[in-house]
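Data first, discussion second: the structure below is written as structure tokens.
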Amino acid sequence: MITFTFPNEYFSPKATLECGQTFRFSPCGESAWLVLCADKACLLKEYAAEVHVSCEEADEQYFRGYFDLETDYAALLKEAEAFGVPVLFEAVRFGRGLRILNQDKAECLLSFIVSQQNNIPRIKGNLSRLCAALGEKKRFAGYDYYTFPSLERLAERDEDFYRSLGLGYRARYVAASSKKLLEEGFSSVEGKTGAELKRALTAYPGIGNKVADCISLFAFRETAAFPVDTWIARLYRENFGGAETDREKINRFFVEKFGPNAGIFQQYLFYYKRERGDAAV
DNA sequence: AATGGACCTGATAAC
DNA sequence: CTGTACAGGTCCATA
């Protein structure tokens with residue numbers, strides 16, 4: 001095991017983990033979290049001025065990439081503030097240290113299918129039962145955890161099995177998309193970006209525009225992908241005086257307004273709106 | 001092209 | 001206390 005550090009001025013484990021982009025983490029004690037992705041685990045500990053990341057030695061580069069540590073968030077926040085939009089200014093202040101993760105593609109795709117019309121505690125329960133049932137048991141730093149299951153294991157189960165884990169009507173989508181992933185891999189999205197990538201992702205059962213944007217942003221580094229859910233739609237009405245109700249139109253409004261990094265700013269806006277929905281700005 | 005209803009489930013709020 | 005609306009939507013059926 002090794003530990004590397006990163007200044008916490010632009011790395012807040014709490015904001016990064018709790019903003020809703022991932023569901024596979026759990027607090028352990030004060031200011032510490034066990035974070036899981038694919039078949040790997042790491043431990044985050046926050047101190048006064050830095051975050052300590054502990055993982056297997058072979059996984060250091062993986063987690064540096066996972067937490068997006070090569071990206072300059074100081075510059076991104078400056079860019080956000082330069083728009084002169086009050087709610088965005090407040091959002092980046094509130095969510096300072098939030099970083100966009102670079103997640104495992106298959107795990108992200110299936111997790112966000114599960115997330116639709118669902119709440120976070122339940123999503124976490126669904127996914128942890130899924131991993132416990134089909135994943136591989138491992139141990140890291142004294143903690144037991146289950147890996148995210150392989151596509152082989154996932155694809156051999158049917159809708160009824162996923163229903164038994166509590167996924168509800170999403171069980172059908174997880175079964176079908178797992179099979180598609182096993183058969184085709186990511187060949188249908190390979191090399192695609194932007195709108196083409198989004199369109200290819202919506203070809204998976206259970207993936208519509210919103211979930212396709214989430215997967216683009218969280219697993220394909222599509223920094224312009226701007227997921228529009230109920231909170232963003234509300235933000236659009238309340239903070240931008242928007243009149244459109246079509247979520248694709250709302251998506252275009254924000255992408256045109258905030259440009260190539262719109263998706264990153266979306267996470268700050270979403271986190272702020274969900275946590276501080278009552279705030280004046 | 002756009003609009004509306006069905007869909008699993010359970011934690012939480014609201015009376 | 002029992003009921004209901006709602007959760008980071010998607011899909012399918014209609015005019």
Side-chain angles (χ1 to χ4, degrees), chain A residues 15-26 87 91 94-95 98 100-101 103 107-130 133 157-181 198-220 222 225-239 242-255 262-278:
Chain A
T16 299
L17 297 171
E18 291 182 0
C19 70
Q21 60 181 324
T22 180
F23 309 100
R24 291 228 298 147
F25 64 94
S26 46
V87 68
F94 176 77
L98 190 167
I100 305 296
L101 300 172
Q103 302 187 228
E107 176 174 348
C108 185
L109 188 152
L110 295 170
S111 297
F112 276 87
I113 287 176
V114 172
S115 82
Q116 68 185 74
Q117 195 66 13
N118 210 340
N119 57 64
I120 289 172
R122 189 171 161 220
I123 298 165
K124 292 183 80 162
N126 286 166
L127 293 175
S128 83
R129 282 195 294 282
L130 177 79
R157 298 300 186 145
D158 62 2
E159 172 177 353
D160 286 343
F161 171 77
Y162 291 111
R163 270 182 191 270
S164 76
L165 297 179
L167 303 204
Y169 67 88
R170 307 162 197 83
R172 182 162 58 90
Y173 302 148
V174 168
S177 282
S178 295
K179 285 191 176 63
K180 182 172 159 76
L181 275 172
K198 181 170 175 176
R199 200 167 28 250
L201 287 170
T202 58
Y204 286 84
I207 299 184
N209 290 135
K210 187 269 178 181
V211 167
D213 278 326
C214 287
I215 300 163
S216 298
L217 178 61
F218 302 139
F220 287 83
E222 263 316 306
F226 197 100
V228 178
D229 65 346
T230 118
W231 291 98
I232 292 294
R234 201 174 132 190
L235 174 94
Y236 169 77
R237 286 195 307 274
E238 295 177 357
N239 300 83
E244 299 289 352
T245 55
D246 183 286
R247 293 198 173 178
E248 280 304 279
K249 286 183 183 164
I250 298 175
N251 169 278
R252 283 196 287 276
F253 168 83
F254 281 114
V255 174
I264 297 173
F265 306 145
Q266 186 274 2
Q267 260 324 265
Y268 288 86
L269 290 166
F270 171 79
Y271 183 52
Y272 177 70
K273 197 65 180 174
R274 201 191 61 193
E275 299 289 315
R276 299 284 315 279
D278 54 332

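Residue numbers begin at 1 in each chain, while the letters A, B, ... track the order of the sequences. Predicted model only: the values in this text are computed from it and were never measured.
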Checklist entry - Please give, in whole Å, the distance from dG8(C) P to Phe226(A) CZ? => result 17 Å
Next on the checklist: Between the base of dG8(C) and the side chain of Tyr271(A), is there a donor and acceptor pair under 3.5 angstrom?
Outcome noted: no
Checklist outcome for this item: Between OH of Tyr169(A) and C1' of dT10(C) the distance, given in whole Å, is 7 Å
Next on the checklist: Checking Glu222(A) against Lys198(A) for the side chain to side chain contact (heavy atoms under 4.5 Å, CB included) test, could you report, in this order, the C-alpha distance in whole Å, the side-chain angles of both residues, the deciding distance, and whether it holds?
Outcome noted: CA-CA 10 Å; Glu222(A) 263 316 306; Lys198(A) 181 170 175 176; over 6 Å; no
Checklist outcome for this item: When rounded to whole Å, the NZ to C1' distance for the pair Lys124(A) and dG8(C) reads 15 Å
Next on the checklist: At 4.0 Å (heavy atoms only), tell me whether Gln21(A) reaches a base, stays on the sugar-phosphate, or touches nothing.
Outcome noted: base
Checklist entry - Any donor and acceptor pair, going by atom type alone, linking the side chain of Gln267(A) with main-chain N or O of Ile100(A) inside 3.5 Å? => result no
Checklist entry - If you measure from the P atom in dG10(B) to the same atom in dC11(C), how many Å do you get, rounded? => result 23 Å
Checklist outcome for this item: Closest non-hydrogen contact found for Val87(A) with Tyr272(A) is CG2-CE2, 3.9 Å
Checklist entry - Using a cut-off of 4.0 Å on non-hydrogen atoms, how would the nucleic acid contact of Arg274(A) be classed: base, sugar-phosphate, or nothing? => result base
Please list, pair by pair, any protein nitrogen or oxygen found under 3.5 Å from a nitrogen or oxygen in nucleotides 12-15 of chain C.
none

Checklist outcome for this item: d(Thr230(A) OG1, Lys210(A) NZ) to nearest 0.5 Å is 9.5 Å
Checklist entry - dA11(B) and dT10(C): how far apart are their P atoms, nearest whole angstrom? => result 24 Å
Next on the checklist: What is the separation between atom CD1 on Ile113(A) and atom P on dG9(C), rounded to the nearest whole Å?
Outcome noted: 14 Å
Item to check | P atoms of dT3(B) and dG8(C), separation to the nearest Å | outcome: 25 Å
Checklist entry - When you match Tyr173(A) and Phe218(A) each to their closest nucleotide on DNA chain C, which lands nearer the 5' end? => result Phe218(A)
Checklist entry - So what does Asp246(A) touch, heavy atoms closer than 4.0 Å: a base, only the sugar-phosphate, or nothing? => result nothing
Checklist outcome for this item: Using Watson-Crick geometry (N1-N3 plus N6-O4 or O6-N4) or G-U wobble (N1-O2, O6-N3), each under 3.5 Å, dT2(C) is paired with none
Item to check | Side-chain touch Arg252(A)/Phe226(A), heavy atoms, less than 4.5 angstrom | outcome: no
Checklist outcome for this item: Rounded to whole Å, CG of Leu17(A) lies from C1' of dG8(C) at a distance of 17 Å
Item to check | Inter-nucleotide P distance (dG5(B), dA5(C)), Å rounded | outcome: 14 Å
Checklist entry - Across the strands shown, which category fits Gly168(A) at heavy-atom distances under 4.0 angstrom: base, sugar-phosphate, nothing? => result base
Next on the checklist: Does the structure show a Watson-Crick or G-U wobble partner for dT3(B), both distances under 3.5 Å? Name it, or say none.
Outcome noted: dA13(C)
Next on the checklist: For a 4.5 angstrom cut-off between non-hydrogen side-chain atoms, does Arg170(A) reach Tyr162(A)?
Outcome noted: no
Checklist outcome for this item: Scanning both residues in full, the closest heavy-atom pair of Val211(A) with Phe112(A) reads CG2-O, 3.4 Å
Next on the checklist: Do Leu110(A) and Ser178(A) make a side-chain contact, defined as non-hydrogen atoms from C-beta onward lying under 4.5 Å apart?
Outcome noted: yes
Checklist entry - NA contact type, Ile123(A), heavy-atom cut-off 4.0 Å: base, sugar-phosphate, or nothing? => result nothing
Checklist entry - Can you give the first and last nucleotides of DNA chain B, 5' to 3', that have an atom under 4.0 Å from a heavy atom of chain A? => result dC7(B) to dG10(B)
Item to check | Same-atom distance (P) from dA13(C) to dC8(B), integer angstrom | outcome: 15 Å
Item to check | Plane angle bin for Phe254(A) and Tyr236(A) - parallel if under 30°, tilted between 30 and 60°, otherwise perpendicular | outcome: perpendicular
Checklist outcome for this item: Leu235(A) atom CG is separated from dG8(C) atom C1', nearest whole Å, by 13 Å
Checklist outcome for this item: Separation of dG8(C) atom P from Leu127(A) atom CG, nearest Å, is 14 Å
Checklist outcome for this item: Heavy-atom contacts, protein to nucleotides 2-7 of chain C, under 4.0 Å, summarised as B (base), S (sugar-phosphate only) or - (none) per nt, yield -----B
Checklist entry - Is there a donor N/O on one and an acceptor N/O on the other, under 3.5 Å, for the side chain of Lys210(A) and the base of dG9(C)? => result no
Checklist entry - Mapping Ile207(A) and Cys214(A) to their closest nucleotides on DNA chain C, which lands nearer the 5' end? => result Cys214(A)
Item to check | Flag side-chain contact, heavy atom, 4.5 Å: Glu238(A) against Lys273(A) | outcome: yes
Next on the checklist: The test is side chain to side chain contact (heavy atoms under 4.5 Å, CB included); show your working for Leu167(A) and Tyr173(A) and say whether it passes.
Outcome noted: CA-CA 10 Å; Leu167(A) 303 204; Tyr173(A) 302 148; over 6 Å; no
